[in-house]
Amino acid sequence: MNKKLAAALSGGAVLVLTLSGCSDDSDNKVNDWAKKFCDQVQPQLQKIANANAAIEQQTDDQSKPADVQKTDSAAFQQISQAYKELGKAVQSAGAPPVDGGETTQNEAVKELNAASVSYADLKTKVDEFDTKDQAKFADSLNGLADELTKISNNGDQALNKLQSGEVGSAMAKQKGCQKPTASAPPASGPSAPASKSASPSASASGKS
């Protein structure tokens, strides 16, 4: 029932950080910027990864709508908070020391904050789904997956720019900017707001 949603997540926008590559033409200033940024983002990438994994675990057709709703709600909240923190990380790292760095930084922060708002909206929507009618609930989830695909396809230009060229090459070498492996799923309960959780827990995907 949750399969389309899980697929949309795994094909969607999780950012900077399916970085690959080892070329090392970047100078020390760029490397220093990449380290400062990447040291802050790994916990947030871990949150996104774990949240996506939690949603994937609820893809069985036998999953109860109420359980799916609870898991998806907690995961979206966690992803929303992670994107908000990623925006703060870009902001606090400062402009990357390359041409147009300040513009790229500002646009990336804007995209990350917009993603945070979008996932918070998805949480609100899934909380309102009717779980008593399984067919209706499945239709609602499909609609949510379509919306998620649109969110994933909108934006990302600034993030792509941020992780391209010299800066992207420098980030690719930083462990903190590598895609994490999902660990334990987040506590799924609306009573555990992601904003209070500083520890990594959520799920990610490549370009999400």
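This one's a predicted model, so the numbers in the text were calculated from it and none came from an experiment. Residue numbers run from 1 in the order of the sequence given.
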Review point. Is it the case that Thr71 and Gln57 place a side-chain donor and acceptor less than 3.5 Å from each other?
Key: no
Give me the atom names and distance for the closest heavy-atom approach of [X] to [Y].
X      : Y      : value
Gly87  : Val109 : O-CG2, 3.7 Å
Asn31  : Lys173 : OD1-NZ, 3.0 Å
Val41  : Gly176 : CG2-O, 3.5 Å
Cys177 : Gln42  : N-NE2, 4.2 Å
Ser116 : Lys84  : OG-CB, 3.6 Å
Ala108 : Leu162 : CB-CD2, 4.2 Å

Calculate, to the nearest 0.5 Å, the distance between atoms [atom1] and [atom2] belonging to [X] and [Y] respectively.
X      : Y      : atom1 : atom2 : result
Trp33  : Glu166 : CH2   : CD    : 12.0 Å
Thr124 : Gln77  : OG1   : CD    : 9.5 Å
Ser63  : Gln69  : OG    : CD    : 13.5 Å
Glu128 : Ser140 : CD    : OG    : 10.5 Å
Asp72  : Ile79  : CG    : CD1   : 9.5 Å
Leu45  : Leu86  : CG    : CG    : 5.5 Å

Practice item. Please work out whether the ring planes of Tyr119 and Phe76 are parallel, tilted or perpendicular, with thresholds of 30° and 60°. Key: tilted
Check your understanding: What's the verdict on side-chain contact (heavy atoms from CB on, under 4.5 Å) for Val68 and Phe137, showing C-alpha distance, side-chain angles and the deciding distance?
Key -> CA-CA 10 Å; Val68 173; Phe137 182 72; 3.9 Å; yes
Considering only NZ, NE, NH1 and NH2 on the basic side and carboxylate oxygens on the acidic side, decide whether [X] and [Y] come within less than 4.0 Å.
X      : Y      : result
Asp32  : Lys36  : no
Lys125 : Asp121 : no
Glu107 : Lys110 : yes

Practice item. I would like to know whether Gln40 and Ser92 meet side-chain contact (heavy atoms from CB on, under 4.5 Å); could you show each step before the answer? Key: CA-CA 9 Å; Gln40 298 179 69; Ser92 73; 2.9 Å; yes
Point to revise | pair Phe129-Pro65: side-chain heavy atoms closer than 4.5 Å | key: no
Check your understanding: Taking only residues at least two apart or on different chains, which pairs with a member in residues 88-100 satisfy salt bridge (Lys or Arg N to Asp or Glu O under 4.0 Å)?
Key -> Glu85-Lys88
